[in-house]
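Keep in mind that the numbers below use all heavy atoms, side chains included, and drop hydrogens, waters and symmetry copies. Along the sequence shown, the residues carry numbers beginning at 1.
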Amino acid sequence: MIFSQLFDMVNLGIIILDRDLKVQKWNRWLEMHTRITAAEIVGSSLPDHFPNLNKNWFIKSCKSVFNVGNFTFLSQKLHNYFIPITPVHHFDPEFKYMQQNCTLGPIYNDKKEIEYIYMIIQDATEVAAYEAKILDINTKDKLTEIQNRRYFESKLKHEIDRHRRYKRPLSLIIIDIDAFKKTNDTFGTQAGDSVLIQLAALFINRLRVVDTIARFAGEEFAIILPETTLHGAEVVAGQLRDLVRNTRFTFGNETMNITISLGVIGATGDEVTVESLLKKIRGVLEDARIKGPDAVIIPAA
C-alpha cells in the first residue's frame, strides 16, 4: 500500500511494461498529463498506443533491459519526447510537446528473473528551453537575428566534411553593402541598423531551408550553399544583387537606395578547410569591393 501511494505521488511519469511491452502500471502523473486513465491503457501495447515509440531504437532499448538487465537512459537531446504531452509551461512555442528524459530499468521477481521493466519519464522542458536560449545567444546575431560568424564557421566545417565524404558540390557567397558608411553618415546609425535587418529578411526569404546565412562582420553577410555548383551559386548571387537593387529600403520617412557587391567561391578538392575557404572568400570580397558597386566576383580557376 505504501509503495502504491508513492507510485502515484511522485512528480514523474512511471510505466511498468511486460515482455510484450504491454502496460501493467500507469501512474497518476501520467493520467494527469496525458488525460489517459490507467483503466484505459493497462493491458495495451505501449508502442501500439503511441506510434512514435514504435521505432527500432525504443524496441531495442527495452529488449536490452530484459535480456541483459542493464539500465538505459534516453535523452531529450536525441529524442525530444517519448509520450506526447502538452507542455505544462510554455517556455518556447517551438516545443509542441513536453521535452522528456527517460530511464529504463529491470524489475526482478522472487526467482531473480526479469519479469518487467520500468520506464521513468522526467519533464525536461525547462532545461531544454534554457539550453535553446543559451544556444541562440551564442550563435545568433542580436541585431538581425540570423546566425553569427561563430555558428557559420561551425556549420561550414560540417558541410566541408560532408563535401569530402560524399563528393558533393559546396559553394559560398560573401556579401558587402556598398558605401554603408555613407548610409550611416547620411541617415544615422539607426537607419543603418534597419538596413541590415531588412537585408537579412530579404536574403532569408530568397534562400533555401538548407542554406545557411550569417552576419559575417559589420556590414558583411556570408552564405553556405550545400549541393550547389559554382555556376549555381553565381546565379543565386546575381538574383540577390538584383533583389536588393530593386527593393526600397525605408526608415521613418526616409527612402534609401542600397546596392551590394558579392564574391562567390566553390569548395574543390579533399584538402579544402574552413581556414582556406575563409581566406579565399576574403580575397574575393576585396576584389568585389574594388570593382563594386553591384559586382559579382568569381575567382579565376
Side-chain angles (χ1 to χ4, degrees), residues 93 135-156 171-226 228 230-266 277-299:
L135 183 63
D136 275 352
I137 291 172
N138 289 329
T139 62
K140 281 194 175 180
D141 175 59
K142 291 181 181 178
L143 177 65
T144 60
E145 296 189 352
I146 61 174
Q147 306 300 336
N148 61 18
R149 181 166 178 165
R150 175 185 295 180
Y151 180 90
F152 180 88
E153 292 185 4
S154 173
K155 183 68 174 178
L156 181 56
S171 298
L172 305 182
I173 298 175
I174 192 162
I175 301 168
D176 182 61
I177 305 174
D178 298 321
F180 188 63
K181 184 178 184 301
K182 183 179 178 181
T183 299
N184 277 333
D185 292 343
T186 303
F187 300 102
T189 56
Q190 287 186 324
D193 288 348
S194 178
V195 168
L196 291 169
I197 294 168
Q198 292 176 66
L199 277 171
L202 273 180
F203 296 151
I204 289 171
N205 287 334
R206 166 57 187 82
L207 297 170
R208 304 168 301 177
V209 174
V210 296
D211 300 331
T212 298
I213 180 166
R215 186 180 176 193
F216 198 67
E219 66 266 29
E220 298 172 12
F221 296 87
I223 302 169
I224 302 172
L225 299 172
T228 305
L230 186 60
H231 174 70
E234 181 185 7
V235 172
V236 173
Q239 292 173 344
L240 293 176
R241 177 196 59 191
D242 295 342
L243 178 63
V244 173
R245 182 197 298 153
N246 296 323
T247 297
R248 290 176 48 141
F249 292 84
T250 60
F251 180 75
N253 296 323
E254 301 289 350
T255 300
M256 297 164 282
N257 295 320
I258 302 298
T259 61
I260 57 175
S261 296
L262 308 95
V264 184
I265 64 170
L277 281 183
L278 291 181
K279 182 179 180 180
K280 187 175 181 182
I281 205 167
R282 271 290 182 193
V284 174
L285 179 61
E286 289 304 317
D287 292 342
R289 283 171 172 159
I290 293 169
K291 185 176 180 181
D294 265 359
V296 176
I297 300 294
I298 297 177

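- Residue Asp193 places its CG atom among more than 12 non-hydrogen atoms of other residues, nucleotides or ligands, all under 6.0 Å distant.
- Not a single donor-acceptor pair under 3.5 Å links the side chain of Glu145 to the backbone N or O of Ile197.
- Taking CZ of Arg215 as the start and CG of Leu196 as the end, the distance is 5.0 Å to the nearest 0.5 Å.
- Between the Asp141 side chain and the Gln147 main chain, no donor and acceptor come within less than 3.5 Å of each other.
- In this structure, Phe249 CZ and Leu199 CG are separated by 4.0 Å, a value rounded to the nearest 0.5 Å.
- Annotation: the span from Ile146 atom CD1 to Thr139 atom OG1 amounts to 11.5 Å, rounded to 0.5 Å.
- Within the model, atoms CG of Leu262 and CD1 of Ile173 stand 6.5 Å from one another, a figure rounded to the nearest 0.5 Å.
- The CD1 atom of Ile224 sits 6.5 Å away from the CG atom of Leu172 when rounded to the nearest 0.5 Å.
- No donor-acceptor pair under 3.5 Å is formed between the side chain of Ser154 and the backbone N or O of Phe152.
- A salt bridge links Arg149 with Glu153: at least one charged nitrogen is closer than 4.0 Å to a carboxylate oxygen.
- Between the CD1 atom in Ile213 and the CD1 atom in Ile204 there is a gap of 6.5 Å [rounded to 0.5 Å].
- The minimum heavy-atom distance linking Ile175 with Leu240 is given by the pair CD1-CD1, 4.2 Å.
- The heavy-atom pair separating Ser171 from Thr228 by the smallest distance is OG-O, 2.7 Å.
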- Item | Worked verdict on Asp178 versus Ser261 for side-chain hydrogen bond (donor to acceptor under 3.5 Å, both in side chains) | CA-CA 7 Å; Asp178 298 321; Ser261 296; 2.8 Å; yes
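- The number of heavy-atom neighbours closer than 6.0 Å to CD of Gln190, taken from other residues, nucleotides and ligands shown, is 12 or below.
- Looking at every heavy atom in both residues, Thr255 comes nearest to Arg248 through OG1-NH2, 3.6 Å.
- Heavy atoms only, all atoms of each residue included: Phe216 and Ile174 are closest at CD2-CD1, 3.9 Å.
- Side-chain N or O atoms of Arg208 include one that pairs as donor or acceptor with a backbone N or O of Pro226 at under 3.5 Å.
- Across all non-hydrogen atoms, the minimal contact from Lys280 to Gly266 is NZ-O, 4.1 Å.
- Electrostatic pairing of Lys182 and Asp185 does not count as a salt bridge here, judged by no charged N lying under 4.0 Å from a carboxylate O.
- For Phe221 and Phe203, the ring centers are positioned less than 6.0 Å apart.
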- Please report the C-alpha distance between Thr247 and Ile258 in whole Å, then the side-chain angles of each, then the deciding distance to 0.1 Å, and finally whether the side-chain contact (heavy atoms from CB on, under 4.5 Å) criterion is met. CA-CA 8 Å; Thr247 297; Ile258 302 298; over 6 Å; no
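- Closest non-hydrogen pair, Phe180 versus Gly192, comes out as CZ-O, 3.5 Å.
- The residue from Thr212, Leu207, Val236 that alone fulfils the side-chain contact (heavy atoms from CB on, under 4.5 Å) condition with Ile223 is Leu207.
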